[in-house]
Every structure is written in structure tokens, then in C-alpha cells.
There are 4 protein chains.
Amino acid sequence: MLEELKKEVYEANMLLPKYGLVTFTWGNVSGIDREKGLFAIKPSGVDYDKLKPEDMVIVDLDGNVVEGNYNPSSDTATHVEIYKAFPKVGGVVHTHSSYATSWAQAGRSIPCYGTTHADYYYGDVPCLRCLTKEEIDEGYEKNTGLLIVNEFKNQGIDPEAVSAALCKNHGPFAWGKDAMDAVHGAVVLEEVAKMAYRTELINPKVAEAPQVLQDKHYYRKHGANAYYGQGNK
Amino acid sequence: MLEELKKEVYEANMLLPKYGLVTFTWGNVSGIDREKGLFAIKPSGVDYDKLKPEDMVIVDLDGNVVEGNYNPSSDTATHVEIYKAFPKVGGVVHTHSSYATSWAQAGRSIPCYGTTHADYYYGDVPCLRCLTKEEIDEGYEKNTGLLIVNEFKNQGIDPEAVSAALCKNHGPFAWGKDAMDAVHGAVVLEEVAKMAYRTELINPKVAEAPQVLQDKHYYRKHGANAYYGQGNK
Amino acid sequence: MLEELKKEVYEANMLLPKYGLVTFTWGNVSGIDREKGLFAIKPSGVDYDKLKPEDMVIVDLDGNVVEGNYNPSSDTATHVEIYKAFPKVGGVVHTHSSYATSWAQAGRSIPCYGTTHADYYYGDVPCLRCLTKEEIDEGYEKNTGLLIVNEFKNQGIDPEAVSAALCKNHGPFAWGKDAMDAVHGAVVLEEVAKMAYRTELINPKVAEAPQVLQDKHYYRKHGANAYYGQGNK
Amino acid sequence: MLEELKKEVYEANMLLPKYGLVTFTWGNVSGIDREKGLFAIKPSGVDYDKLKPEDMVIVDLDGNVVEGNYNPSSDTATHVEIYKAFPKVGGVVHTHSSYATSWAQAGRSIPCYGTTHADYYYGDVPCLRCLTKEEIDEGYEKNTGLLIVNEFKNQGIDPEAVSAALCKNHGPFAWGKDAMDAVHGAVVLEEVAKMAYRTELINPKVAEAPQVLQDKHYYRKHGANAYYGQGNK
């Protein structure tokens with residue numbers, strides 16, 4: 001069932017250790033088949049070097065396991081909420097990558113200090129508040145997803161223009177058009193987080209990049225007038 | 001004698017260079033056979049790339065070498081005290097891993113800034129005081145072990161819930177249910193130490209993670225109601 | 001056409017991932033044939049692990065593509081201006097390498113704190129201002145090149161003695177006698193940027209290296225009286 | 001001539017890139033045959049991946065090349081002075097390793113913050129002053145060696161107990177009983193420099209390790225009562 005999707009999600013998961021984004025089992029990637037309303041996700045707590053494509057767990061958008069020999073990632077309910085609220089998202093990833101997690105632990109959004117950031121994100125990568133005791137007790141993972149979804153709505157952030165969020169005292173979630181694209185974004189986020197950290201240590205009074213420069217780089221790669229890459233070839 | 005244990009302890013030692021936790025010979029792992037009251041430990045000052053399973057030294061809980069062609073690790077007496085006082089510990093590791101050692105040199109306990117920490121440790125990883133001149137002269141390594149044991153007792157810290165300690169101006173000791181698990185903990189400690197360092201540089205006024213979030217993550221992985229991984233499958 | 005040059009430029013591009021200077025496609029190298037007035041440059045947005053020598057795009061000094069199946073790097077117009085204004089330059093490179101980009105994001109020139117810097121650059125590596133809205137709208141990449149060229153002229157900096165510049169909120173450009181030499185310079189710049197960052201964190205009140213020491217090291221490697229290496233052998 | 005020594009010095013040089021201590025050609029190792037009064041040293045500016053044992057240059061203690069097809073390292077005169085003044089030194093190494101060089105650029109001696117440092121160095125690793133204009137003009141490399149030698153004498157530092165020095169705004173020199181041991185020391189120095197840097201960022205008010213702890217660790221590994229390793233076996 002969904003063998004192609006399971007293979008792709010498996011391969012996207014295996015990129016996490018390749019890019020140095022995970023230690024042990026601290027991360028998970030999923031990818032969705034929008035027509036069937038089912039997604040494939042990494043099983044919980046299984047070592048990357050023992051993972052096989054057939055170990056991916058198939059889950060529906062109510063969070064029910066439809067197929068699989070393992071428990072799905074403990075963060076499955078977070079993925080569900082992101083898929084339900086962001087209809088163009090085809091893949092979701094969660095890691096504890098070192099720099100992005102450090103910003104999350106510090107409780108700070110990542111400011112846009114340069115074009116590397118602006119090439120991918122239109123504005124800050126937001127750090128969202130912690131869940132309340134009630135939210136945690138009621139359904140920690142589900143409410144983590146709802147927090148992301150609701151904060152993006154309330155703050156007027158377009159999840160296509162800012163494809164990542166930091167959960168305070170926890171770590172990053174990122175998404176993309178499919179599982180591979182989500183992982184690509186997780187790598188970018190870590191690089192951007194690393195350079196923002198160093199930027200502030202070099203100049204504690206640094207300001208964000210001028211808006212006009214942010215616009216230039218973002219729209220050089222996104223939207224109708226993009227001219228980066230081979231898309232218009 | 002204890003060939004299986006020696007092999008496991010050898011393999012656990014070889015993970016230290018694999019995970020980047022040691023330079024040269026700066027680290028040692030041991031594992032115990034509780035029924036026999038004997039443990040296997042790395043020989044002192046032998047290069048990792050020359051180490052063989054049969055080089056592991058067998059020591060009893062009085063610190064006497066029972067079998068082996070080499071001197072045991074110079075830190076053997078510290079391991080002895082940990083095994084004697086913490087009956088559920090099956091493996092002990094000491095490294096000079098860079099970030100954990102930097103916290104030890106700075107004389108600071110590692111605060112719990114996020115869920116990566118809370119997934120493994122219930123509360124701070126404590127930095128213990130230096131030994132006094134008398135303690136050093138009387139028996140440096142033995143008293144290092146007694147300090148860990150006594151401080152955990154005095155401070156009311158459960159060695160199962162906090163499976164590591166920093167010795168001030170020295171470095172970390174960590175333990176687990178066996179030698180492999182102890183090394184797993186040493187890797188976690190280094191990651192947690194690295195992210196706490198970066199967290200404070202990003203936000204010098206950062207506070208610890210809310211207790212309710214720490215509780216959630218710790219008990220998601222530990223105790224009767226744990227649901228992370230495949231344990232309940 | 002220009003097969004030798006394309007091969008060299010290809011190889012120079014492939015050094016960027018080897019030296020850890022690029023993530024994904026975030027960089028480009030070109031090299032020029034001064035007699036023909038044509039240069040070869042990396043195609044835009046093509047993965048390094050799929051790149052082949054024949055994919056290099058041949059461009060003239062008006063920025064027109066003369067040969068190639070791909071769009072040239074989106075930064076091509078910047079390379080054009082550097083080649084036009086700096087006649088001894090044979091290769092140009094742009095990266096988002098982490099430390100150099102962090103200095104650019106911080107909006108600071110890299111001070112000369114030691115002989116590693118002085119061995120390669122005579123004075124600071126300058127951080128240039130951001131482009132204005134008008135400059136961005138009129139021709140972002142071309143005006144980036146003109147900014148480098150004009151600022152070097154206005155500030156009296158010899159592009160042979162300082163073979164790199166930081167574009168504020170963006171990242172570094174570097175150049176050399178050919179494509180390989182330009183990449184060599186990009187590696188040096190990253191090392192120098194990394195050590196300057198650490199130097200300031202170790203001593204926030206640090207001063208630049210004495211001019212007499214800078215002179216000694218620069219002229220030990222450059223000019224008529226150089227004696228480093230095998231050049232005088 | 002001295003084929004064994006050239007091979008050993010070649011292998012010691014090749015450890016520099018292996019341990020990540022050099023970029024390009026920024027380092028050199030030598031080793032001496034005390035009976036013959038001749039040492040072998042890396043040729044100047046030759047890439048490590050092209051280096052062969054027979055490329056090592058043989059130099060006498062007046063700094064004259066006795067055998068070799070290449071110019072010796074531009075730092076040869078510094079090595080000469082160290083060999084002449086420190087009779088127990090059998091190998092010398094110079095690198096621009098990143099953390100040690102950053103301390104040198106910051107103009108600060110590396111304080112002893114813990115046992116990793118104390119295991120190898122008895123006290124601070126000193127940062128020496130810059131040379132004066134006269135010293136630079138008269139003989140830069142020779143006077144660098146004389147500065148090290150004279151400052152150790154003036155400050156009463158035993159070159160066996162502190163086997164490294166930082167030259168201000170330049171970088172580290174280290175030495176040992178032979179070329180391999182000198183490189184071992186260069187690796188240790190870089191680790192110690194890295195941890196001291198992080199220690200101060202974690203606790204800006206940190207104090208040095210208690211003298212009694214420094215003594216304990218230093219004498220656990222050095223002198224008549226050492227018991228670390230297999231030396232007493």
C-alpha cells in the first residue's frame with residue numbers, strides 16, 4: 001500500500017542523519033498522498049540504520065494507523081494538524097537540529113539578517129509560545145500542531161512563504177511540497193539559524209536586512225517573476 | 001572469563017571515537033556483571049585504534065584487578081564507587097567531550113532549556129564541587145566517585161532520573177543500564193550541553209523550560225505511562 | 001568551445017562542496033579567457049552532484065550567453081562587472097559560506113587580527129553597503145558588481161591586494177588569477193572570518209595586528225622580495 | 001641521508017591535515033637527530049597531498065640546507081632556535097589551527113581551566129608579545145624563535161612542563177620528544193584552546209582550576225610517581 005510514498009518518505013528520513021540534523025532517533029519525516037488522504041511517517045524510536053521503506057507507518061487524517069507493524073512517530077498528531085490546515089503541504093519534518101533548537105530553547109524568532117534567509121523565508125521564522133498545562137494534558141502533540149496552525153492564522157503568516165516554525169523550549173517543524181522538499185527546508189533552517197547566531201555575536205546591535213533586499217531575493221526565487229534556476233528555461 | 005561482557009565493553013569504548021567524544025585516550029567505559037560482582041573496563045592510556053576485546057581488564061568491587069594484561073583505567077576507583085552506590089547502574093563512562101567538559105570547567109550545572117534535555121534528564125545535570133586537598137591526597141579517583149554518590153544523596157537526585165554528573169574543572173561521568181546505554185547517555189549529554197551553550201548566547205536572559213513541559217517529555221519516555229518508541233507494542 | 005576552460009571551471013565549482021563552502025546550490029564560480037573575452041560559469045540552481053563540465057555556460061562581457069543549455073548563474077551580471085573593471089582577475093567566486101556570510105550579515109569588515117589574514121589580504125576585507133532601492137530595481141546583480149568595483153576605487157583598495165569583498169546582508173565575493181585561485185581565496189576568507197569571530201569573543205577589546213607584522217607577512221608571500229614557497233627556487 | 005627521520009617527519013606532517021590542524025600549506029613539522037645535529041623539515045608551500053618522504057629538507061643547526069630539492073619551511077629559523085635552546089626537544093610543529101590561533105590573535109595566554117589542560121601543561125600556555133619593528137626587520141623567523149626561548153627563560157617556564165607557546169597575532173608553536181609527540185601536543189593544544197574559549201562564554205567570571213587539582217593531574221601523568229597509562233607495568 002502506497003509503496004512509492006513509503007519509499008520516498010523513507011529516503012527523506014534517511015537524509016536527516018546524512019545532513020547531520022539528527023542524533024539517534026530525534027526526528028521524523030512524513031509525506032502525504034492528498035488524493036487518498038493518507039500519509040506515511042517514520043515509526044517511533046527506531047534507529048535510522050535499521051530503518052527500511054516497509055517500516056513506514058500509514059496514517060489517516062484522523063491520526064489512525066491504517067497500515068504498519070510499528071507505532072508511528074510520537075509526533076504523528078502534530079503532522080495531522082499541519083496537513084489538515086495547510087492544504088498545499090505535502091511533507092512535514094521535525095528535528096532537534098542543533099542551531100534551530102537552540103533558537104527555540106532561547107524563545108526567539110529567527111530574524112532575517114540576509115539573503116540566505118530571504119531566498120527561502122519571507123520574514124522571520126517565528127518562535128511560538130509554549131503550550132499551557134491544559135493544552136499539554138489534553139493532547140500534547142495534537143495541540144502542538146494546532147498551535148502552529150492557529151498562530152500562523154492569527155499572525156497572518158502564509159505557510160507557503162514561511163515554511164517552518166520553532167516550538168518554544170522544543171524545536172523546529174518544517175514543511176514543503178513533499179517529504180524531500182520538507183527536509184530540504186530543514187537543512188536551510190539550520191543554516192539560517194547558525195548564521196543568525198553568529199551574526200549577533202559579531203554585531204550585537206545588528207538590524208534585519210532592508211525590506212527591499214528581502215523582497216528582491218524572495219521574489220527572485222518565488223512567484224511569477226522568479227528567474228533563479230532553470231524554471232523559466 | 002566474562003568474554004561476552006568484555007566484548008560489549010570493548011564495543012562501547014569504540015563508540016567514543018565514533019561519536020567524537022574522545023581525543024586520543026581521554027575516556028573510558030566499563031560494564032558490570034552484577035551476579036559475579038565484577039566489571040570490565042578499558043586499560044589505561046591505550047590507543048583506541050589498538051584496542052582489542054581481550055585487552056579489557058576485569059576488576060572486582062574492591063577495585064582489585066582479577067584478570068588482564070594491562071593496568072585498568074586510572075579512573076577505575078571512580079567506577080567502583082558508582083557501581084557500589086547505584087545498584088541499578090550496569091555501565092559507566094567518563095569522557096572529556098568538549099561541550100560537557102566546558103560546562104564542568106565553567107563550574108555550572110546544565111539547566112534544562114528544552115525537551116531534548118527533558119527527554120533524558122529530570123532536572124539539571126549537576127556540576128559538583130572540586131575535591132578538597134585532603135580528598136585529593138587521600139584518594140583522588142575513589143573520592144571523585146564518593147563525591148558523585150554523596151552529592152546525589154544529599155541533593156536528593158535520583159541517579160536513574162539524572163544519569164550524569166559534571167565534576168568541576170574536570171569533566172562528565174555518565175551511566176546507564178549497561179555499557180552501551182552509558183555511552184548513549186554520554187552522546188546525549190554532549191548534545192544537550194552544546195545546545196544549552198548556544199541557547200544562552202542567543203538569549204542571555206533565558207529561563208528554564210516550564211516544569212509542566214519537562215514533566216510531559218520526561219514521562220513520555222520513562223515510567224509506567226511512557227508511549228515513545230515501540231515498548232508498548 | 002573553450003573545453004579546457006569549462007573543465008577547469010567545473011572542477012573549481014566542485015571544490016566548493018568539497019571545502020564545505022556551499023549548501024545545496026548556494027554558490028558559483030566562473031573563469032575567463034581574456035583573449036576571447038568570454039567566461040565560463042556555473043548554471044543557475046543545478047545541484048553539484050549532477051553537474052558536468054559541459055553544463056558550464058559561456059558568457060561574453062556584455063552578459064550574453066554565447067553557448068550553453070542552461071541559464072547561467074543568477075549572479076552572472078556581478079561577475080561581468082568584476083571582470084570588466086579588474087583586468088588581472090581570471091576567476092570569480094560567490095558563496096554563502098557560513099562565517100564570511102555572518103560578517104556580511106553583521107555589516108562589518110573583517111579586521112586583520114593576525115598573520116593568517118596578512119598572508120593573503122593587505123588590510124581589512126571590506127564590507128560594502130547595501131544597494132539602494134533604485135539600484136536593486138534597476139539591476140540588482142549588475143549593480144552589485146558595480147558597487148564592488150566602485151567602492152574599491154573610491155576607497156583606494158587594490159583588488160590584487162584585497163581579493164575579496166563582503167556584500168552587506170548578502171555574502172562574500174572573491175576573485176583570483178583563475179577559477180581555482182578564486183576558490184582558494186574563498187577558503188582562506190572563510191578561515192580568516194572564523195578566526196576573527198573567535199578572536200573577538202576571546203578578547204572583545206582586541207586591536208588589529210601591528211602594521212609592521214602585517215607588512216612582513218604580506219610581503220613574505222607577495223611581490224619582488226617574496227621568499228615563501230618554491231617560487232625563487 | 002637520514003631516511004628514517006625523513007619518513008617519520010613526513011608522517012608527522014601528514015597528521016596535520018588528518019587532525020584538521022591545517023588549511024592548505026599552513027603548517028610545518030620538523031624532527032631532529034641530536035647526534036648528527038641535523039633536522040628534517042617540511043618544504044615551504046608544498047601541498048600536503050603532493051608531499052613525499054624524500055621531499056623533507058635536511059637542515060643543520062646554523063639553518064643551512066644540507067640536503068633537499070626544495071626550500072625548507074619559511075619558519076625554519078624558528079625551529080633552529082628552539083632546538084638550540086631546548087636540548088630535550090626532538091620535534092617542533094607550527095600550525096594556524098583555528099582555536100589556538102584565535103587565542104594568539106586575541107593576545108591572551110590560555111588559562112588552565114581544567115584537568116584536560118593540567119594533564120599536559122603545568123600552568124598557562126603563554127601568549128608572547130609581538131616582535132618589534134627592529135626584530136622583524138633584522139630576522140623575523142630567527143627572532144620569533146629567540147623570543148620563545150628568551151621569554152621561557154625570563155618567565156621561568158620549563159619547556160618540558162609547558163611544551164607550547166602562542167606568538168601574538170600569529171599562532172602556536174609546540175614541541176615534544178620527537179616529531180610525532182610534537183604533533184600530539186598540537187592536537188592537545190587545539191582541544192584545550194577550544195574548551196577554554198567555550199568555558200569563558202559559559203561563565204565569563206570563571207577562575208582557573210585549583211592548584212591542587214592541577215598538580216594532581218599533572219603529576220598523575222608526569223614524573224617519578226606517575227601512574228597513568230602502562231609505564232609502570
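This is a predicted model, so every value here is computed, not measured. Lettering follows sequence order; numbering is per chain, from 1.
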Roughly how far, to the nearest 0.5 Å, is CH2 of A:W26 from OG1 of B:T115? 9.5 Å

Side chain, backbone, both or neither: which part of A:P43 has an atom under 4.5 Å from a heavy atom of chain B? both

cation_pi(B:K18, B:Y48) dist<6.0 Å, angle<=45: no

Answer key: most heavy-atom pairs under 4.5 Å with chain B among A:G45, A:A106, A:C167 is A:A106

Which atoms of A:E141 are under 4.5 Å from chain B, going by heavy atoms: the side chain, the backbone, both sets, or neither? side chain

Are B:W175 and B:F152 an aromatic pair by the rule of ring centers under 6.0 Å? yes

Considering only heavy atoms, which portion of B:D215 lies under 4.5 Å from any heavy atom of chain A: side chain, backbone, both, or neither? neither

In terms of heavy-atom proximity below 4.5 Å to chain A, should B:V206 be classed as side chain, backbone, both, or neither? side chain

Give the member of A:T132, A:D137, A:T25 that has the highest number of heavy-atom pairs under 4.5 Å with chain B. A:T25

Under 4.5 Å to a heavy atom of chain A? For B:A196 that would be backbone

Hey, can you tell me if A:H170 and A:H96 have their rings parallel, tilted or perpendicular (30° and 60° cut-offs)? perpendicular

Non-hydrogen atoms of chain A under 4.5 Å away: do they reach the side chain of B:H184, the backbone, both or neither? both

Applying a strict 4.5 Å limit to non-hydrogen atoms, the region of A:S98 in contact with chain B is both

Ring geometry between A:F173 and A:H94 (parallel below 30°, tilted from 30 to 60°, perpendicular above 60°): parallel

Using a cut-off of under 4.5 Å on heavy-atom pairs, state which of B:C112, B:G114, B:P204 scores highest against chain A. B:G114

When you compare the side chains of B:D124 and B:S109, does any donor N or O come within less than 3.5 Å of an acceptor on the partner? no

Face-on cation placement of B:R198 at A:Y99 ring, 6.0 Å and 45° thresholds: yes

